[in-house]
Amino acid sequence: MDVAHFESLQRYVGFGASQATCLEHFLPQARQHFDAIVDDFYTTLEAHPSANAAITGGPAQVERLKRTLVGWLNSLLSGKYDADYLTQHARIGRAHVRISLPQEFMFTAVNRVRSSLVRVARDLQGQDADATIQSVNQILDLELAIMLDTYRDDLTERVRTAERLSTIGQLAASIGHELRNPMGVTESSLYLLNQRLQALQVSDPIVSKHSNRIHQQVELCSRTITALLEMTRDTAPQRVRVRLSDSLARVLANRPPTAGVQLEQDFPSELTLDADPDQLDQLLSNLLGNAFSFVSANGRVAVSGSAQRGGVEFYVSDDGPGVPESNRPKIFDVLFTTRTHGTGLGLALCRSIVQRHGGEIELVTAVDRPLATGACFRVWLPSFGG
Amino acid sequence: MSTCDTHHAASACRLLLVEDCAELAENITDVLELEGYQVLLMGTAEGALEALKQETFDGILTDLRLPGMSGLELIRIVRRSDRTLPIVLMTAFAAREQSEEAQRDAALSVLLKPVNPKHLLTLVAALAGKRRKLSAM
């Protein structure tokens, strides 16, 4: 939703400057009841299993959400309904998609707030009360309009990505299947050839070299196909507690930095995440693989992280050329790549893994990171206990 | 049967291979025969079931995707009468269904394609050994 559309909706419900002022005047009185409103809101939510299922972070997450709700109430009655308001409130719709809150609970939850605010407004005198109640109703309906709009946008985007992945998945699965038999034939023919040479007592360095080379290349093809299939099957993560350092060590054993490239690690050695170990490895491997391929011969790559907001946040940054502004919106898209040998699946897979974990991934401006010049990816994955 | 896991006596070990890709089937047969195993090759699961009626085998290696009946269906039919016969299911794509099947079935292993000859030989030897333990139980 853009500002113009938001303004047109305001006109539709008859919400103008006087209604905005009315709410602004109501704020000091309403604010005294915010704690009670928020408590009521979450007590009701917790009593409903299907709504409460969206809260996976336990009491700590609820405490955070309560603070967010107080902030939302303050902003709701602030009297300012501009572009900033829209941006800030649109984020709430997205957050609901992310935690998979059933959509109907947006209405029931807003209804809960509505009842509480109307009750408080009734204590105002005469005409003030009527005008305030009407303004509260109008702004809450506008709020629902924003939430629905952003919810739909995000959902559409998710469905679109899933559809593209499913098409690619079917293609990948059939290509994968078709290629695995020829590779198996190559591999076993090579084995039989070597057995034969051994029996004939032939030992030749050039034969050995090329035999090894064929073997390695078949292995490489096999790994590529496995990654492609992995990308497209939407496996629910089997989340367990894993140390970031262990995952990183596994990834680096398979994908060591290019010679000359320095890898800096800046996170507590005991930092643990609640993630599917294979998927976490894949995520780190793809992010690091990108970083290693984009930095110069003596470039630097950094992995930093810490416990944040009921989960773990980590950054993979590098001092390479960074991502041009024009590519930024597209980098997580399936099949988008700027490299000749890129598959365009790496970051799309990263996003898919993070989404399956209910986390967040974004390309950020690395101002406060050790390597501020190149690309910097921020990943946040929620923890079990919040 | 109990001699099947020892390298020297692999000649006593008779395996049924079910694979529809002719070149791969021939190569796998060669790899196994080179180690001393006896191999009977069938291109379909239906053919394999016929062969199982005629003679006994010490193990089955089967592809998942076959023309007609699938490898998984073949395994289910075989299991009705023999719960410990070692079976290796070769598949290009280990889906959850097959891994779960293999978890429930101690004598079943899943081998990911492309078939690596060394993995194959290790697996066949290990399964034959396991058959001995399961039969003794």
Side-chain angles (χ1 to χ4, degrees), chain A residues 165-166 168-201 211-212 214-239 276-279 282 356, chain B residues 7 10 15 17-37 39 41 43-44 61-67 70-72 88-100 102-103 109-125:
Chain A
L165 283 182
S166 139
I168 295 168
Q170 286 158 11
L171 193 66
S174 57
I175 292 175
H177 187 261
E178 291 312 312
L179 287 183
R180 278 183 199 254
N181 275 352
M183 284 194 297
V185 174
T186 311
E187 180 88 46
S188 48
S189 279
L190 185 66
Y191 172 86
L192 290 164
L193 203 60
N194 282 329
Q195 297 295 98
R196 179 72 183 154
L197 290 172
Q198 232 171 43
L200 295 173
Q201 295 186 318
S211 154
N212 283 338
I214 296 171
H215 173 71
Q216 281 163 6
Q217 298 302 308
V218 171
E219 290 264 288
L220 183 69
C221 292
S222 174
R223 277 207 304 275
T224 309
I225 289 177
T226 305
L228 196 63
L229 291 174
E230 203 49 51
M231 155 89 213
T232 51
R233 69 167 157 180
D234 199 7
T235 323
Q238 307 284 317
R239 291 170 72 196
D276 182 311
D278 291 339
Q279 295 186 14
Q282 182 86 63
R356 279 180 237 161
Chain B
H7 202 71
L15 301 171
L17 172 64
V18 196
E19 169 62 64
D20 64 320
C21 169
E23 293 88 348
L24 187 63
E26 197 183 313
N27 275 6
I28 292 176
T29 306
D30 287 352
V31 168
L32 290 166
E33 284 181 352
L34 210 57
E35 285 300 299
Y37 293 97
V39 182
L41 170 65
T44 63
L61 281 93
T62 179
D63 191 10
L64 173 67
R65 273 204 219 177
L66 291 164
S70 78
L72 216 51
V88 177
L89 177 65
M90 301 180 291
T91 165
F93 182 34
R96 189 156 285 177
E97 192 194 7
Q98 290 129 42
S99 334
E100 281 171 4
Q103 263 172 15
S109 295
V110 176
L111 180 65
L112 207 61
K113 285 186 165 186
V115 172
N116 176 307
K118 284 179 186 156
H119 288 174
L120 174 74
L121 290 172
T122 316
L123 203 60
V124 169

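Just so it is clear: chains get the letters A, B, ... in the order the sequence lines come, proteins before strands, and each one is counted from 1.
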*Asks:* Taking only residues two or more places apart in sequence, or in another chain, which ones meet B:E19 in a salt bridge (charged side-chain N to carboxylate O under 4.0 Å, His left out)?
*Replies:* B:K113

*Asks:* Given a strict heavy-atom distance threshold of 4.5 Å, which part of B:L34 is in contact with chain A: side chain, backbone, both, or neither?
*Replies:* side chain

*Asks:* Which one wins on heavy-atom pair count under 4.5 Å against chain A: B:I28, B:D30, B:D63, B:L120?
*Replies:* B:D30

*Asks:* For B:V115, which atoms come within 4.5 Å of any heavy atom of chain A: side chain, backbone, both, or neither?
*Replies:* backbone

*Asks:* Nearest 0.5 Å, please: how far is CE in B:M90 from CG in B:L123?
*Replies:* 10.5 Å

*Asks:* Just verifying a value: how many Å separate B:L112 CG and B:T91 OG1, rounded to the nearest 0.5 Å?
*Replies:* 6.5 Å

*Asks:* Is there a side-chain contact between B:L24 and A:S188, using heavy atoms and a 4.5 Å cut-off?
*Replies:* yes

